[in-house]
Amino acid sequence: MRLSRSALATAAALCTVATGVVLAQPPQPAAATAAACEGGKRGFKDHPDNAEGDYKKPREFWTGNVHFTLEKGNYAGMQIGFGKIQGETRPGDKVWMDWKATGWDNDDAVSPWLQCGPFTVRSAGQSLTTPFRRTSTDPDYQFRVCGSLVTAPKAKCSAWW
């Protein structure tokens, strides 16, 4: 079977477009597991799922009756940040926290950011937190909270803080 030049040109153009689409996709986190930040890895610390930060939440969003918050608080004299899911949660809902550090404190940081989680809700109404990490005023050292619901699986994220 012999292909015409126009068929070959069309196939080549489609391959070029498809490659361009793959290359144009936004950067993905370098890690996407709870294990990347549990048990003290990369400077994260575990804490109870009912932990709460102070009254002012740096970032937050709602999906239906589920509240995702980026919490801040104090631990051992330093300011910390962590992600939290609460409200009318269902088994299968997920929360995670993204962290990027492209400045002075990037030990164990990965490019473009590290995804700490996801952590999965196991029972209806369960609140769940991510491990925490110290924060900084350095603009190259940022956090955001992300999550998805079993009924709305497309992930949503807050703005970076």
Side-chain angles (χ1 to χ4, degrees), residues 21-22 24-161:
V21 170
V22 170
Q25 293 203 1
Q28 298 296 309
T33 67
C37 60
E38 289 179 312
K41 290 182 184 155
R42 293 185 167 93
F44 286 87
K45 303 246 186 274
D46 298 329
H47 61 144
D49 286 329
N50 64 353
E52 292 189 24
D54 63 25
Y55 68 93
K56 186 175 180 187
K57 312 303 180 200
R59 297 286 185 262
E60 63 185 322
F61 64 91
W62 289 84
T63 300
N65 291 324
V66 178
H67 195 198
F68 293 88
T69 54
L70 182 64
E71 306 267 333
K72 66 179 177 64
N74 285 296
Y75 173 79
M78 67 181 152
Q79 183 174 279
I80 59 164
F82 59 94
K84 186 171 186 176
I85 184 175
Q86 58 190 334
E88 293 180 17
T89 61
R90 295 180 182 178
D93 292 348
K94 298 181 185 319
V95 65
W96 61 93
M97 184 173 69
D98 292 340
W99 166 64
K100 64 180 176 179
T102 55
W104 52 270
D105 182 21
N106 60 358
D107 291 341
D108 292 321
V110 289
S111 181
W113 68 83
L114 175 96
Q115 180 179 318
C116 178
F119 297 90
T120 305
V121 170
R122 293 189 193 116
S123 60
Q126 178 188 12
S127 291
L128 196 61
T129 63
T130 68
F132 67 82
R133 197 169 201 303
R134 72 182 175 86
T135 64
S136 171
T137 57
D138 185 325
D140 291 327
Y141 192 98
Q142 297 181 332
F143 298 89
R144 70 180 178 183
V145 65
C146 301
S148 65
L149 303 181
V150 73
T151 58
K154 185 174 181 182
K156 292 184 179 181
C157 292
S158 70
W160 288 98
W161 173 73

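Quick note: numbers below take in every heavy atom, side chains included, and nothing from hydrogens, waters or symmetry partners. These figures come from a predicted structure and were not determined experimentally.
The main-chain N or O of Lys57 is never found under 3.5 Å from a side-chain atom of Thr69 such that the two would form a donor-acceptor pair. Asp49 places a side-chain N or O within 3.5 Å of a backbone atom of Thr129 that can act as its donor or acceptor partner. For the pair Arg133 (side chain) and Arg42 (backbone), a donor-acceptor distance under 3.5 Å is present. Between the Lys84 side chain and the Ala51 main chain, a donor and an acceptor come within less than 3.5 Å of each other. Under a 3.5 Å cut-off, the side chain of Thr89 and the backbone N or O of Gly125 do form a donor-acceptor pair. Judged purely by atom type and a 3.5 angstrom limit, Thr130 uses its side chain to pair as donor or acceptor with the backbone of Gly83. Looking only at distances, no side-chain donor or acceptor of Asn65 sits under 3.5 Å from a matching main-chain atom of Glu88.
Contact detail for Ser136 and Tyr141: the closest heavy-atom pair is CB-CD2, 3.5 Å. Contact between Cys116 and Pro131 at its shortest, heavy atoms only, is SG-CD, 3.7 Å. Summarising the geometry of Ile85 relative to Lys94, their closest heavy-atom pair is CD1-O, 4.0 Å, with the distance given to 0.1 Å. The two atoms that bring Gly117 and Cys37 nearest to each other are N-SG, 4.1 Å, heavy atoms only. When all heavy atoms of Val121 and Ser123 are compared, the pair lying nearest together is CG1-O, 3.3 Å. The two residues Lys72 and Pro58 make their nearest non-hydrogen contact at CD-CG, 3.8 Å.
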task = Go through the steps for Val66 and Gln86 under the test side chain to side chain contact (heavy atoms under 4.5 Å, CB included), then give the verdict.
result = CA-CA 6 Å; Val66 178; Gln86 58 190 334; over 6 Å; no

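To the nearest 0.5 Å, atom NE2 of residue His47 and atom CD1 of residue Ile80 are 6.0 Å apart. Atom CD of Gln142 sits about 4.5 Å away from atom NZ of Lys100, to the nearest 0.5 Å. Rounded to the nearest 0.5 angstrom, Asp93 CG and Leu128 CG are separated by 9.5 Å. Atom CG of Asn74 is separated from atom CZ of Arg134 by 13.5 Å, given to the nearest 0.5 angstrom.
Residues Phe61 and Ser158 meet the side-chain proximity criterion, which asks for heavy atoms closer than 4.5 Å. No side-chain heavy atom of Gln115 sits less than 4.5 Å from a side-chain heavy atom of Trp99. When side chains are defined from C-beta on, Leu70 counts as touching Met97, because their heavy atoms get closer than 4.5 Å. Using a 4.5 Å heavy-atom threshold, the side chains of Val145 and Cys157 count as separate. Between Thr63 and Lys156 there is a side-chain heavy-atom pair separated by less than 4.5 Å. Contact check for Phe68 versus Ser148: no side-chain heavy atoms found under the 4.5 Å cut-off.
The only member of Glu71, Lys45, Glu52 that meets side-chain contact (heavy atoms from CB on, under 4.5 Å) when paired with Phe82 is Glu71.
Geometrically, Arg144 engages Trp113 in a cation-pi contact, judged by NZ or CZ lying under 6.0 Å from the ring centre and within 45° of the ring axis.
For Phe132 and Tyr75, the ring centers sit closer than 6.0 Å to each other.
Ring geometry, Trp161 versus Phe143: the interplanar angle falls from 30° to 60°, so the pair is classed tilted.
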